[in-house]
J.: 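The structure is given below, and queries will be raised subsequently.
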Amino acid sequence: QVQLVESGGGLVQPGGSLRLSCAPSGSIFSIYLMGWYRQAPGKQRELVATITVGGPTNYAGSVKGRFTISRDIAKNTVYLQMNSLKPEDTAVYYCKFASSRIDHWGQGTQVTVSS
């Protein structure tokens, strides 16, 4: 099976930065959108940011101006640069590759923002 491998999570102090990356273990065809979602304890999973293969991006209002999503199409890799992190950003972050046939999800990477 094709898996999405995530990396870059960890523990960071408020105001700090982290960079997440996600890439598939195999070939995925017809990708049209890549994105990041997060789920905090006791909360619903929410959209953080998305980017189409063509380039347009979309951000949750709570992260706009602090997070930046980008992608390397040749490497099938999506990134999430997170700056000015806040305790409320603490969550498990999941990447998603949406294709015409199926959505692929990563296993999640923990991001903890705490002093």
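Just so you know, residue 1 is the first one in the sequence shown, and it goes up from there. Quick caveat, the model's predicted, so the values are computed rather than measured.
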J.: Evaluate Arg19 against Ser70 for side-chain contact (heavy atoms from CB on, under 4.5 Å), listing each step before the verdict.
T.: CA-CA 11 Å; Arg19 183 177 176 86; Ser70 61; 4.2 Å; yes

J.: About how many Å separate CD1 of Ile102 and CZ of Phe97, when rounded to the nearest 0.5 Å?
T.: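 Those atoms lie 14.0 Å apart.
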
J.: Determine whether the side chains of Glu88 and Thr90 contain a donor N or O and an acceptor N or O closer than 3.5 Å.
T.: no

J.: Which heavy atom in Tyr79 sits nearest to a heavy atom in Ser21, and how many Å separate them?
T.: CD2-CB, 3.7 Å

J.: Tell me the closest heavy-atom pair linking Pro14 and Ser115, and the distance in Å.
T.: CD-N, 3.7 Å

J.: Between Val113 and Leu11, is there a side-chain heavy-atom distance shorter than 4.5 Å?
T.: no

J.: List in chain and number order the residues that pass ring pair (Phe, Tyr, Trp, His ring centres under 6.0 Å) with Tyr59, two or more places apart in sequence or in another chain; answer none if no residue qualifies.
T.: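 Listed in chain order: nothing, the list is empty.
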
J.: With a 4.5 Å heavy-atom cut-off, do Pro24 and Gln3 have their side chains touching?
T.: no

J.: Shortest non-hydrogen contact from Ile69 to Thr57?
T.: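 Between these two residues, the closest heavy atoms are CG2-CG2, 3.8 Å.
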
J.: Cationic tip of Arg101 within the cone over Phe29's six-membered ring, i.e. under 6.0 Å and within 45° of the normal?
T.: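 No, Arg101 and Phe29 do not form such a contact.
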
J.: Find out if a path of hydrophobic residues (ILVMFWY) with successive side-chain heavy-atom gaps under 4.5 Å connects Met34 to Val111.
T.: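 As far as the 4.5 Å side-chain criterion goes, Val111 and Met34 are connected within one cluster.
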
J.: Give the cluster check for Leu4 versus Ile73: same hydrophobic cluster or not, with ILVMFWY residues linked at side-chain heavy-atom distances below 4.5 Å.
T.: yes

J.: Hey, any chance Leu33 and Val63 share a hydrophobic cluster, counting ILVMFWY side chains that come within less than 4.5 Å of each other, even indirectly?
T.: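 No, because Leu33 and Val63 fall into different hydrophobic clusters, even though each may have its own neighbours under 4.5 Å.
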
J.: Compare every heavy atom of Cys95 with every heavy atom of Glu6, then report the nearest pair and how far apart it is.
T.: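 In this case the closest contact between Glu6 and Cys95 is OE2-N, 3.0 Å.
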
J.: May I have the list of side-chain donor-acceptor pairs in residues 45-55 shorter than 3.5 Å, sequence neighbours left out?
T.:
from  : atom 1 : to    : atom 2 : distance (Å)
Glu46 : OE2    : Arg38 : NE     : 2.7
Glu46 : OE2    : Arg38 : NH2    : 3.2
Thr52 : OG1    : Gly54 : N      : 3.4
Thr52 : OG1    : Gly55 : N      : 3.2

J.: Hey, what do you get for CD (Gln39) to OH (Tyr93), rounding to the nearest 0.5 Å?
T.: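 One finds 12.0 Å between CD of Gln39 and OH of Tyr93.
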
J.: If you define the side chain from C-beta out and look only at heavy atoms, does anything of Ile31 sit under 4.5 Å from Asn76?
T.: yes

J.: Return the minimal non-hydrogen interatomic distance between Gly108 and Val92, and the atom names on each side.
T.: CA-CG1, 3.8 Å

J.: Quick check for you: to the nearest 0.5 Å, what is the distance between Asn83 atom CG and Thr68 atom OG1?
T.: 6.5 Å

J.: How close do Leu20 and Met82 get, heavy atom to heavy atom, and via which atoms?
T.: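 Closest heavy-atom pair between Leu20 and Met82: CG-CE, 3.7 Å.
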
J.: Group every Ile, Leu, Val, Met, Phe, Trp and Tyr by side-chain heavy-atom contacts under 4.5 Å, then state whether Leu80 and Leu18 land in the same group.
T.: yes

J.: Once rounded to the nearest 0.5 Å, what's the spacing between atom OG of Ser62 and atom NZ of Lys64?
T.: 11.5 Å

J.: When rounded to the nearest 0.5 angstrom, what distance separates OG in Ser114 from CG in Asp89?
T.: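 Ser114 atom OG to Asp89 atom CG measures 12.5 Å (nearest 0.5 Å).
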
J.: Could you see if Ile28 belongs to whatever hydrophobic cluster contains Val78? Use Ile, Leu, Val, Met, Phe, Trp, Tyr and a side-chain cutoff under 4.5 Å.
T.: yes

J.: Would a line drawn from the ring center of Trp105 to the ring center of Tyr37 be shorter than 6.0 Å?
T.: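 Here the rings of Tyr37 and Trp105 have centres that are less than 6.0 Å from each other.
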
J.: OG of Ser99 to NE2 of His104: how many Å apart, nearest 0.5 Å?
T.: 5.5 Å

